[in-house]
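Taking it in order: structure first as structure tokens, then the write-up.
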Protein chains: 2
Amino acid sequence: MLADLAAVVGCCEPLAREPLSARQSTELARVFKAMGDPVRLRLLSLIASHAGGEACVCDLTDVFDLSGPTISHHLKVLREAGLITGERRGTWVYYRVRPELLDQLSAVLVPAAPDSPATMPADRDELPVVDA
Amino acid sequence: MLADLAAVVGCCEPLAREPLSARQSTELARVFKAMGDPVRLRLLSLIASHAGGEACVCDLTDVFDLSGPTISHHLKVLREAGLITGERRGTWVYYRVRPELLDQLSAVLVPAAPDSPATMPADRDELPVVDA
DNA sequence: CCTTTGGTTCGATAGACGTCGAAACAGGCG
DNA sequence: CGCCTGTTTCGACGTCTATCGAACCAAAGG
């Protein structure tokens, strides 16, 4: 669903440097909107902080007072926003975050982090395209 | 509306370090949701990148094919999320961003930026409380 | 004062979103 | 094969949200 964030945002153009184009803001907003829900944000955090960098859906469901389908729905939103990837291994489905995306978002927000690797365009101006 | 982000998120706890609590995710999601709209994201960018660090509403209205009330509504959402502040000076109302908030969000996203000032909790563990 | 211009609030409406239960799909395992 | 568990899809429903026009408030000048 989300094409390549770097391609749209120009990789690490801070929000405060120059106005976003309509296209850029649309793509970026898609990602922020995915994070604009408490459940999804918590899911993201649970996956990101889970041992091994990945979490099974069964681990996530028990944390909330929500039905299975609802959790699955939120995971799908996060997946389509490019924030996480899911992989089925046997019976269970494991999700892991895509740190590059978080790095990019972080870089967009902050005016100019001096020499943090998160803002060094060098080693990741080509992100894998995520689809569906 | 938004209390103190730092107080809730614990100031700079990265998303991937430990799972967010229900409360933390709720507060954070409020901010991300405010940014989860193309118009608002563009407004934020227009204000942040405007000369002098502030922009008059009259500057913002012309950029969009939207009615005045709609722009005003979006500005209110950004304001209540704590992302911008508005001040009336004479005839016009000027908006400016709150960079601390953007810094904090950036810090929450990235696992551990080595020595970027954006992630140094030292000089800003006390943020001004924004209300309405 | 009254008018004009800039911005916000109000009320209404169409569409999007979160949630659920039921049903469908996918793998193990008797 | 048939069942059982884990996960996703489907359809529906109530709520929230983006948008508008109309009305309203604030400041500046006649």
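Side chains are part of it too, since the values below use all heavy atoms of this structure and drop only hydrogens, waters and symmetry mates. Residue numbers begin at 1 in each chain, while the letters A, B, ... track the order of the sequences.
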*How long is the gap from CG on L75(A) to CG on L83(A), to the nearest 0.5 Å?*
11.5 Å

_For the NE2 atom of H50(A) and the CG atom of L60(A), what is their distance to the nearest 0.5 Å?_
7.5 Å

*Report yes or no: do L109(A) and V39(B) belong to one cluster of Ile/Leu/Val/Met/Phe/Trp/Tyr joined by side chain heavy-atom distances under 4.5 Å?*
yes

*Got a sec, which residues hit side-chain contact (heavy atoms from CB on, under 4.5 Å) with C58(A), two or more places apart in sequence or on another chain?*
C56(A), W92(A)

*Do Y94(B) and L78(B) share a hydrophobic cluster, counting only Ile, Leu, Val, Met, Phe, Trp and Tyr and linking them when any side-chain heavy atoms are less than 4.5 Å apart?*
no

_Rounded distance [0.5 Å steps], CD in Q24(B) versus CG in L15(B)_ = 9.5 Å

_Just to verify, what does R88(B) make a side-chain contact (heavy atoms from CB on, under 4.5 Å) with, not counting sequence neighbours?_
V93(B)

*Does OP1 or OP2 of dA16(C) have a side-chain N or O of K33(A) closer than 4.0 Å?*
no

*Write out all pairs satisfying salt bridge (charged side-chain N to carboxylate O under 4.0 Å, His left out) with one or both partners inside residues 48-66 of chain A, taking only residues at least two apart or from two chains.*
E54(A)-R89(A), E54(A)-R96(A)

_Smallest separation among heavy atoms of L41(B) and S25(A), with atom names_ = CD2-O, 3.7 Å

_Contacts of type side-chain contact (heavy atoms from CB on, under 4.5 Å), residue T91(B), not counting sequence neighbours_ = none

_Are I71(A) and L20(B) connected into the same hydrophobic cluster when the rule is that any two of I, L, V, M, F, W, Y join if their side-chain heavy atoms are below 4.5 Å apart?_
yes

*asked:* Suppose the criterion is salt bridge (charged side-chain N to carboxylate O under 4.0 Å, His left out): which pairs have a residue in residues 33-42 of chain A, not counting sequence neighbours?
replied: none

Could you list, one pair per line, each protein nitrogen or oxygen that sits under 3.5 Å from a nitrogen or oxygen of nucleotides 11-13 of chain C, together with the distance?
none

*Range on DNA chain D touched by chain A - first to last nucleotide, heavy-atom distance under 4.0 Å*: dG6(D) to dT9(D)

*Tell me: CZ of F64(A) to P of dT19(C), nearest whole Å?*
10 Å

*Please work out which residues in residues 38-46 of chain A have a non-hydrogen atom less than 4.0 Å from an atom of DNA chain D and list them by number.*
none

*asked:* Suppose we screen for side-chain contact (heavy atoms from CB on, under 4.5 Å). Which residues come up paired with T70(A), at least two apart in sequence or across chains?
replied: L66(A), S67(A), H74(A)

_What does the B/S/- profile of nucleotides 1-10 of chain C look like, 5' to 3', with a 4.0 Å heavy-atom cutoff to protein?_
-----BSBB-

